[in-house]
Peer 1: 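Provided herewith is a single structure, encoded as structure tokens, for subsequent inquiry.
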Number of protein chains: 2
Amino acid sequence: MDVKKTSRLSLVEQVTGQINELIKSGQWAVGYRLPPEPLLSEELGVSRNTLREAIRALVHSGLIVTKPGDGTYVISSSVLGVAIKRRLEESTLLETLEVRNALERETAALAALRRTKSEMQRIQSYLTVCEKAAKANDLESYVEADMALHKSIAEAAHNPLFLELYEHVTEYVHMSIGNMIALYEQLPHRKLVQAIHEKNSILAASAVDEYIEEFRKIIKSTMEE
Amino acid sequence: MDVKKTSRLSLVEQVTGQINELIKSGQWAVGYRLPPEPLLSEELGVSRNTLREAIRALVHSGLIVTKPGDGTYVISSSVLGVAIKRRLEESTLLETLEVRNALERETAALAALRRTKSEMQRIQSYLTVCEKAAKANDLESYVEADMALHKSIAEAAHNPLFLELYEHVTEYVHMSIGNMIALYEQLPHRKLVQAIHEKNSILAASAVDEYIEEFRKIIKSTMEE
DNA sequence: CACGATTTGTACGTATGTATG
DNA sequence: ACATACATACGTACAAATCGT
């Protein structure tokens, strides 16, 4: 019967896996407050002690936090994301940027080859928003549109693994540099979008190199201050 | 005094960190059998329960396994490595290869810019071994030399973060394709090493693209069989 | 084949700190 | 300021699994 299966995967591991799936699938999004332990343990059909153990495991892996007297909350949706973030914390910003560069260049090149028509439209529209925000000197909405633009490009590469890695690294970069980012030159962005529109992967890659170089200069000059 | 510090990092987390460090630093290498829990808990100055919880956390993150009635063994040296491996398991081989391609191209380009003289010598010597093995049709030592060659190139990029990501991804690729790899054309390898020797990063990148394309063809033809 | 030594797994009990209301 | 509830840490005892003799 199930005896061997049960012995192969302990009850705690099963519960951990279930909760992990709920978080990864987005049903329990970041910020979500988990049901109280007694209720949740009943729903999952396990004792409260077993559930508590599973929760501790997930806390250790960095997906959730427990606040005594309050509740437990989802703080991250991906174990890989947490692992990358922790590794990035012991690297310099320039090292991280080099990795991001490699990921971004490749996603851009692949997007140029694979983007669909509707994806192209999304990319174009984000570029427009981006340029408008830059013109209006609205830093906040610029950053937002900029991230959306790059994400839509990464999505057009049609490689979910790539997308995930790119997002995790990018998220960390944005976190660590905060808002010290400037409204830099928009020409490379246009160039990139144009290259993707023309399905020219080589041009797309070189456009990425161009604005990464711009970006690097800004970082370096900001660091010297 | 220490009161605030103690509240900031729980005992379990401290112990987890200590063991993690021992493993990461190589003092407890893969395959090592940990001291029995009673002994280890005494050495670390914590109760067995506390130690056990730390061990559970490390088990969950995939660094160690516990075998009832036997002992606890180290099975991996890097949490990031485990996280990447687990994520890669739910990706297709072609998706993974695209990521590896991006990482490898960039490390090659950076190596061309940054390699020292002694690093260049190492790279050259591995290439020689590689070519000899190919000539002798010795698949096993070819694979070994090939991996050493690429690793030495990645090391010459002088970016430890890049090196680590590259190694984890590559390791998984080699694991999943096993020995279905063939002794493919050596010309791109020579080209790559030559480009690094000349400190020509553009040529190095295109050389990588070239043999990755070769590799892709082999994979595809093998998959069709 | 079986026994005993070793080692991890589980359970319960207690004391102390700590956050919430 | 107090009380309740929860988290943390420790100790102890016993159960279950494994390995070698």
Side-chain angles (χ1 to χ4, degrees), chain A residues 1-19 28 31-76, chain B residues 1-23 27-76 82:
Chain A
M1 313 297 260
D2 292 351
V3 211
K4 298 234 163 167
K5 282 187 180 175
T6 318
S7 68
R8 290 202 133 211
L9 225 68
S10 80
L11 205 60
V12 176
E13 282 170 2
Q14 290 179 38
V15 174
T16 310
Q18 282 183 50
I19 299 178
W28 289 2
Y32 175 77
R33 175 177 153 165
L34 273 66
E37 290 179 5
L39 183 70
L40 188 54
S41 66
E42 196 190 349
E43 280 178 3
L44 295 173
V46 296
S47 80
R48 187 156 173 263
N49 264 358
T50 307
L51 173 63
R52 281 185 59 75
E53 237 178 79
I55 287 180
R56 294 186 97 145
L58 289 168
V59 169
H60 284 135
S61 63
L63 284 194
I64 60 181
V65 283
T66 60
K67 296 186 179 176
D70 183 1
T72 58
Y73 295 85
V74 178
I75 54 170
S76 175
Chain B
M1 309 297 260
D2 292 349
V3 212
K4 300 235 165 169
K5 282 187 180 176
T6 319
S7 68
R8 290 205 129 208
L9 223 67
S10 78
L11 245 186
V12 175
E13 283 170 15
Q14 289 177 38
V15 173
T16 310
Q18 280 183 51
I19 298 178
N20 201 347
E21 275 303 315
L22 282 167
I23 295 174
Q27 290 179 58
W28 288 1
V30 172
Y32 176 77
R33 175 178 152 164
L34 273 65
E37 290 177 4
L39 182 70
L40 188 54
S41 67
E42 197 189 349
E43 281 177 2
L44 295 173
V46 296
S47 78
R48 187 170 162 233
N49 271 345
T50 306
L51 172 65
R52 280 187 57 75
E53 207 181 322
I55 286 181
R56 277 213 304 265
L58 290 168
V59 168
H60 183 255
S61 63
L63 284 194
I64 59 182
V65 283
T66 57
K67 297 186 180 177
D70 184 1
T72 307
Y73 297 86
V74 177
I75 57 169
S76 176
V82 174

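Proteins come first, then strands; the chains are lettered A, B, ... in the order of their sequence lines, and each starts at number 1.
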Peer 1: Would you say B/Arg33 and B/Asp70 make side-chain contact, with heavy atoms under 4.5 Å?
Peer 2: yes
Peer 1: In degrees, rounded to 10°, what is the bend between the two ends of the helix from C/dA2-D/dT21 to C/dG21-D/dC2, using five pairs at each?
Peer 2: 20°
Peer 1: D/dA7 phosphate, OP1 or OP2: any side-chain N/O from A/Arg52 under 4.0 angstrom?
Peer 2: yes
Peer 1: Please report the interatomic distance CD1(A/Ile64) to OH(A/Tyr73), rounded to the nearest 0.5 Å.
Peer 2: 12.5 Å
Peer 1: Please check: side-chain N/O of B/His60 versus main-chain N/O of B/Arg56, any donor-acceptor pairing under 3.5 Å?
Peer 2: no
Peer 1: In whole Å, what is the span from the CG atom of B/Leu51 to the P atom of D/dA9?
Peer 2: 13 Å
Peer 1: Once you round it to whole Å, what is the distance between P of D/dA7 and NE2 of A/His60?
Peer 2: 13 Å
Peer 1: When the distance from CD1 of A/Ile55 to P of D/dT8 is rounded to whole Å, what number comes out?
Peer 2: 12 Å
Peer 1: Output, in order, the C-alpha distance, side-chain angles, deciding distance and verdict of side chain to side chain contact (heavy atoms under 4.5 Å, CB included) for B/Leu40 and B/Thr72.
Peer 2: CA-CA 11 Å; B/Leu40 188 54; B/Thr72 307; over 6 Å; no
Peer 1: Quick one, A/Ile19 and A/Leu63 - any side-chain contact, counting heavy atoms below 4.5 Å?
Peer 2: no
Peer 1: Just call it for A/Thr66: base, sugar-phosphate, or nothing, with non-hydrogen atoms closer than 4.0 Å on any strand.
Peer 2: nothing
Peer 1: I want to verify a distance call: between D/dC10, C/dT8, C/dT7, whose nearest atom is closest to the B/Pro38 side chain?
Peer 2: C/dT8
Peer 1: Kindly point out which of C/dA11, D/dA9, C/dT8 is positioned nearest to the side chain of B/Leu11?
Peer 2: D/dA9
Peer 1: Round to a whole Å and report the spacing from OH of B/Tyr73 to C1' of C/dT8.
Peer 2: 11 Å
Peer 1: Once you apply a heavy-atom cut-off of 4.0 Å, does B/Asn49 come out as touching a base, just sugar-phosphate, or nothing?
Peer 2: base
Peer 1: Where the side chain of B/Ser10 is concerned, which of D/dT18, D/dA9, C/dC12 is the nearest nucleotide?
Peer 2: D/dA9
Peer 1: Please give, in whole Å, the distance from D/dC19 C1' to B/Arg33 CZ?
Peer 2: 10 Å
Peer 1: D/dA16 C1' sits how many Å from B/Glu37 CD, rounded?
Peer 2: 14 Å
Peer 1: Could you tell me whether the phosphate oxygens of C/dT8, OP1 or OP2, come under 4.0 Å of any side-chain nitrogen or oxygen in B/Arg48?
Peer 2: no
Peer 1: Kindly compute the distance separating OG1 (B/Thr16) from CD (B/Gln14), expressed to the nearest 0.5 Å.
Peer 2: 9.5 Å
Peer 1: Hey, is the side chain of B/Arg56 pairing donor to acceptor with the base of C/dG9 inside 3.5 Å?
Peer 2: no
Peer 1: Taking atom P of D/dT12 as reference, at what distance in whole Å does atom CD of B/Glu42 sit?
Peer 2: 12 Å
Peer 1: Has B/Glu42 got more than 12 heavy atoms of other residues, nucleotides or ligands less than 6.0 Å from its CD?
Peer 2: no
Peer 1: Examine D/dT8: is either OP1 or OP2 under 4.0 Å from a nitrogen or oxygen in the side chain of B/Thr50? Give yes or no.
Peer 2: no
Peer 1: Grab the NZ-P distance between B/Lys67 and C/dG9 for me, whole Å please.
Peer 2: 12 Å
